[in-house]
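Source: prediction; values computed, not measured.
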Amino acid sequence: MAARRKSSSIPAKPPQISEPNEAPKPKASSADDPPLRPPKLGLIVPASALFFIPYFGFLYFYYDIEPSLRRSIAINAAMSLAGFVVVVRMIPVAAKYVSRRSLFGYDINKKGTPQGSIKVPESLGIVIGIVYLVIAIVFQHFNFTSDSNWLVEYNAALASICFMLLLGFVDDVLDIPWRIKLVLPSFAALPLLMAYAGHTTIIIPKPLIPYVGVAVLDLGWIYKLYMGLLAVFCTNAINIHAGLNGLEVGQTVVISAAILIHNLMQIGASGDPEFQQAHAFSIYLVQPLLTTSLALLSFNWYPSSVFVGDTYTYFAGMAMAVVGILGHFSETLLLFFLPQVLNFLYSCPQV
């Protein structure tokens, strides 16, 4: 033990007892956080190249697309690529913060193995949502003017996506019951439905025209109700497939790639400027969704380093519902969601 000082006539401060052999107490720092596996870029980058090389080949060489439209798509693609890099950098940082706030989980599919006891940071979809919204908002500067006809619908789409991102994060924190989860997308879709100025008609198949009496049927408010239900379906369709490493993000990547190819084909096959702008509008919103999701997939692929949470599934589902509605191909979108539609029909008796 350390020796005490001798007393003297001069008043002195109380002696301090030091214990030099005592180890300092560990501070709560990043050293206590579980280590995050590096992103699987060796898998994601080559797989992405297999899609983007033909995609840009169609954009620049195969289809005769107006130069100004091609330029806008290229600017959006460059910003989306920057978003990929930002997400890869931000996820390890955000993972530390959510872990400190006890937003983590355990992989139940690895229960009984050493990996099953590792804390996996959750709700990392918030990073993708923030980066996506920043890209989409900044892109307005390069493509839209203050009197653009598409600006109102574009901002309404971003409002719906942002609303759904917030509700998804609230669900991750508060664990909202399923009966309430089914209703949340209805509120998030309100800005989109109020700003929608497109057609409300459907084309009747030729065999049914004699029975219906018209070739094109205007549904009016019923069509808007259908669009609201589509938003509810898309968000919950992505969410219901959660549970396996990479499944939520993987299906979003596949559907987003299909949407991009569909839009590019429609632009190349049509000479109507308004029709082309509708599908280009969809491309502007899907390209950043695809690249940021690929960055997240590099961490979420098996074995998963992070969990995406309901934050991502709600955000991704609403983003794809928005592009289908405002791109005027909501019926085709359901074909891309065919596995989810079949799963919904199979699950109806259980619900």
Side-chain angles (χ1 to χ4, degrees), residues 48 51-84 131-161 191-192 195-199 227 230-231 234 252-294 316 318-336:
S48 303
F51 168 77
F52 281 110
I53 290 176
Y55 172 74
F56 286 109
F58 288 143
L59 176 63
Y60 280 97
F61 304 108
Y62 189 78
Y63 292 115
D64 185 17
I65 300 175
E66 184 183 351
S68 61
L69 194 60
R70 184 180 291 161
R71 173 181 171 273
S72 296
I73 295 175
I75 292 174
N76 184 268
M79 297 178 65
S80 301
L81 179 61
F84 175 90
V131 174
Y132 174 89
L133 289 172
V134 170
I135 294 172
I137 292 171
V138 174
F139 176 70
Q140 296 182 69
H141 173 73
F142 299 97
N143 190 68
F144 298 107
T145 58
S146 58
D147 58 345
S148 176
N149 296 329
W150 287 96
L151 190 59
V152 174
E153 292 189 355
Y154 189 83
N155 285 322
L158 295 185
S160 293
I161 294 171
L192 174 65
Y196 181 76
H199 68 83
M227 292 189 296
L230 179 66
C234 288
T252 302
V253 167
V254 172
I255 296 173
S256 298
I259 291 173
L260 283 179
I261 294 296
H262 170 74
N263 286 321
L264 204 57
M265 293 174 62
Q266 293 298 315
I267 292 174
S270 175
D272 183 6
E274 189 70 18
F275 184 81
Q276 289 181 338
Q277 283 294 334
H279 284 281
F281 181 95
S282 175
I283 290 177
Y284 301 151
L285 292 176
V286 174
Q287 282 186 154
L289 174 64
L290 177 57
T291 56
T292 53
S293 295
L294 284 169
M318 179 57 73
M320 289 186 286
V322 161
V323 301
I325 292 171
L326 296 184
H328 302 161
F329 61 96
S330 56
E331 297 85 356
T332 307
L333 181 66
L334 286 177
L335 294 178
F336 299 147

If we ignore hydrogens and angles and just use 3.5 Å, is the side chain of [X] paired with the main-chain N or O of [Y] as donor and acceptor?
X	Y	value
T291	P288	yes
S270	I267	no
S256	T252	yes
E153	Y196	no
Y132	L285	yes

Of the non-hydrogen atoms in [X] and [Y], which two are nearest, and what is the gap between them?
X	Y	answer
A156	A195	CB-CB, 3.4 Å
Q287	I73	NE2-O, 3.3 Å
P54	F51	CD-O, 3.2 Å
Q277	L69	NE2-CD1, 3.8 Å
L230	L334	CD1-CD2, 3.6 Å
S160	M318	O-CG, 3.8 Å

Output side-chain donor-acceptor pairs under 3.5 Å for residues 58-66, partner residues at least two apart or in another chain, one line each.
unit_1 : atom_1 : unit_2 : atom_2 : d
E66    : OE2    : S68    : OG     : 3.0

Measure the acute angle between the ring planes of [X] and [Y], then classify it against the limits of 30° and 60° as parallel, tilted or perpendicular.
X	Y	value
Y55	F52	perpendicular
F139	Y284	tilted
F336	H262	perpendicular

Enter the distance from [X]:[atom1] to [Y]:[atom2] here, rounded to the nearest 0.5 Å.
X	Y	atom1	atom2	value
M79	H141	CE	NE2	9.5 Å
W150	N143	CH2	CG	11.5 Å
L260	I255	CG	CD1	12.5 Å
I135	Q140	CD1	CD	13.0 Å
I283	S72	CD1	OG	10.5 Å
N76	L81	CG	CG	11.5 Å

**OP:** List the steps and the verdict of side chain to side chain contact (heavy atoms under 4.5 Å, CB included) for I259 and S282.
**Re:** CA-CA 8 Å; I259 291 173; S282 175; 3.8 Å; yes

Original post:
Under the ring-ring contact (aromatic ring centres under 6.0 Å, His included) test, which residues partner F275, sequence neighbours left out?
Top reply: H279

